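In what follows, a structure is listed as structure tokens, so that the remarks can point back to it.
Count residues from 1 along the sequence. Just so you know, these numbers come straight off a predicted model, no measurement behind them. Numbering of ligands and ligand atoms starts at 1, following listing order.
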Amino acid sequence: MERKLASIVTIDDLQPIVDADQIEVATVKGWKLVVKKGEFRINDHAVYCEIDSFLPVIEKFEFLRKTSYRKMAGQEGFRLKTIRLRGQVSQGLLLPISILEGYNYELGENVAERLGIVKYEPPMPAELAGVAKGNFPSFIFKTDEERIQNLTKEYESFKQHTFYVTEKLDGSSATFYLNEGIFGVCSRNLDLQESENNSFWQVARELDLEKKLTSLGKNLALQGELIGEGIQSNPYVVKGQVVRFFNVFDIDTQTYLPLPAFREIMESLDLQHVPILDESFKLPETTDALLALAEGTSVLSSAEREGIVIRSIDRQISFKVISNKFLLKERN
Ligand code: ATP
Ligand code: MN
Ligand code: MN
């Protein structure tokens with residue numbers, strides 16, 4: 001699913017910030033952000049740009065230069081990231097509807113392209129980028145998780161479910177598949193050519209994944225996070241590189257295996273999964289309370305953890321809760 005980096009929203013709430021008379025805090029879905037006092041009213045429509053938006057260098061965004069100027073692959077732009085202002089975590093940017101210059105919008109509409117906004121992607125080291133053999137296979141879903149801040153409408157109904165919670169690892173997404181006898185290795189978006197130096201292929205050979213998948217006699221994909229040296233400053237202090245799995249996908253039925261079957265396969269193939277933090281988790285009252293629970297120390301090292309991934313036991317519901325504490329420390 002493509003992220004809606006900039007969309008038309010209604011402002012759900014506006015509240016004062018203690019000891020600040022120029023600014024206030026706006027609520028948009030599950031997001032909170034600092035705005036200039038009086039610029040918006042509750043129920044106003046506005047354009048909301050999420051964190052990781054990369055805005056073009058044009059006159060109407062020049063006010064971002066001082067805080068947000070960045071280059072991405074040689075291109076100039078303004079990058080939105082999580083900040084804290086007067087003790088208030090602020091995520092994203094609200095723009096008045098007038099920025100659309102009279103365009104006849106619909107609520108919820110994605111206006112990123114119209115505004116020239118793309119996603120900020122930090123550069124990928126060459127050993128991870130690799131050389132493409134093809135696009136990501138159409139018979140497997142890409143690894144992706146929606147953010148809790150965009151699921152506030154669904155949150156109440158989620159509460160009746162029981163979930164399992166895993167630590168979200170900050171590495172690089174890896175997919176290994178065996179389909180009709182063909183073994184393949186993929187990064188987040190590409191099917192990769194085998195090579196000596198590519199990290200994903202190196203791990204596939206080290207773990208003997210082709211043989212292991214073949215031994216199961218089914219069309220399956222294993223998906224996990226590659227972590228270790230050369231990946232995101234190696235917060236887990238891993239020697240070399242390892243992969244921690246979070247999905248087993250049955251290609252024939254186009255379904256993910258539920259937790260018990262997933263674990264069985266991990267054990268029988270002697271593979272490691274992501275840390276499981278809780279297996280009978282009930283959601284707290286509010287998404288804000290859940291965001292607080294996402295903060296903590298990694299199971300793998302003393303690093304601040306990136307967050308948690310929450311899934312219903314049957315694997316039908318799945319979303320991520322990124323730690324704001326982690327985001328505030330992010331250097332990239
Ligand atoms: P976004 O699209 O939100 O900008 P992104 O898609 O690049 O971000 P992440 O924010 O890292 O990726 O969130 C989804 C990714 O989290 C998955 O693609 C997967 O690689 C990774 N991940 C790490 N740990 C886990 C875990 N425990 N369970 C599921 N996915 C995990
Ligand atoms: Mn995503
Ligand atoms: Mn990630």
Considering the heavy atoms of [X], write down every atom of ligand 1 situated less than 4.0 Å from one of them.
X	answer
R147	1 (P), 3 (O), 4 (O)
S173	20 (O)
T166	26 (C), 27 (N), 28 (N)

Decide if atom NZ of K37 counts as having more than 12 heavy atoms of other residues, nucleotides or ligands within a radius under 6.0 Å.
yes
Please compare E225, E167, K142 and report which has the shortest non-hydrogen distance to atom 20 (O) of ligand 1.
E225
With respect to atom 14 (C) of ligand 1, which of Q232, R3, K320 exhibits the smallest heavy-atom separation?
K320
Of all residues at least two apart in sequence or in a different chain, which pass the ring pair (Phe, Tyr, Trp, His ring centres under 6.0 Å) check with H45?
Y105
Proximity flag [X] to ligand 1, non-hydrogen atoms under 4.0 Å:
X	value
E121	no
R188	yes
R311	yes

Side chains of N198 and Q193: donor-acceptor distance under 3.5 Å anywhere?
no
Is there a donor in the side chain of K4 and an acceptor in the side chain of N110, or the other way round, less than 3.5 Å apart?
no
Polar contacts were defined as any N/O atom of the residue lying under 3.5 Å from an N/O atom of the ligand; does this apply to V309 and ligand 1?
no
Among the N/O/S atoms of D144, which is closest to the Mn ion (ligand 2)? Give the atom name.
OD1
Steps toward ring-ring contact (aromatic ring centres under 6.0 Å, His included) verdict (Y120, F54)
CA-CA 5 Å; Y120 178 80; F54 194 64; 5.7 Å; yes
Examine the proximity of ligand 1 to V274 and report which part, side chain or backbone, both or neither, has a heavy atom under 4.0 Å away.
side chain
Hey, which of I8, T10, L33, L5 is the one that makes side-chain contact (heavy atoms from CB on, under 4.5 Å) with Y48?
L33
Check for me whether the distance between the ring centres of F249 and Y177 falls short of 6.0 Å.
no
Please go through L85's hydrophobic cluster and name the other residues, only I, L, V, M, F, W, Y counting, with side-chain heavy atoms under 4.5 Å joining them.
I17, I23, V25, V34, I83
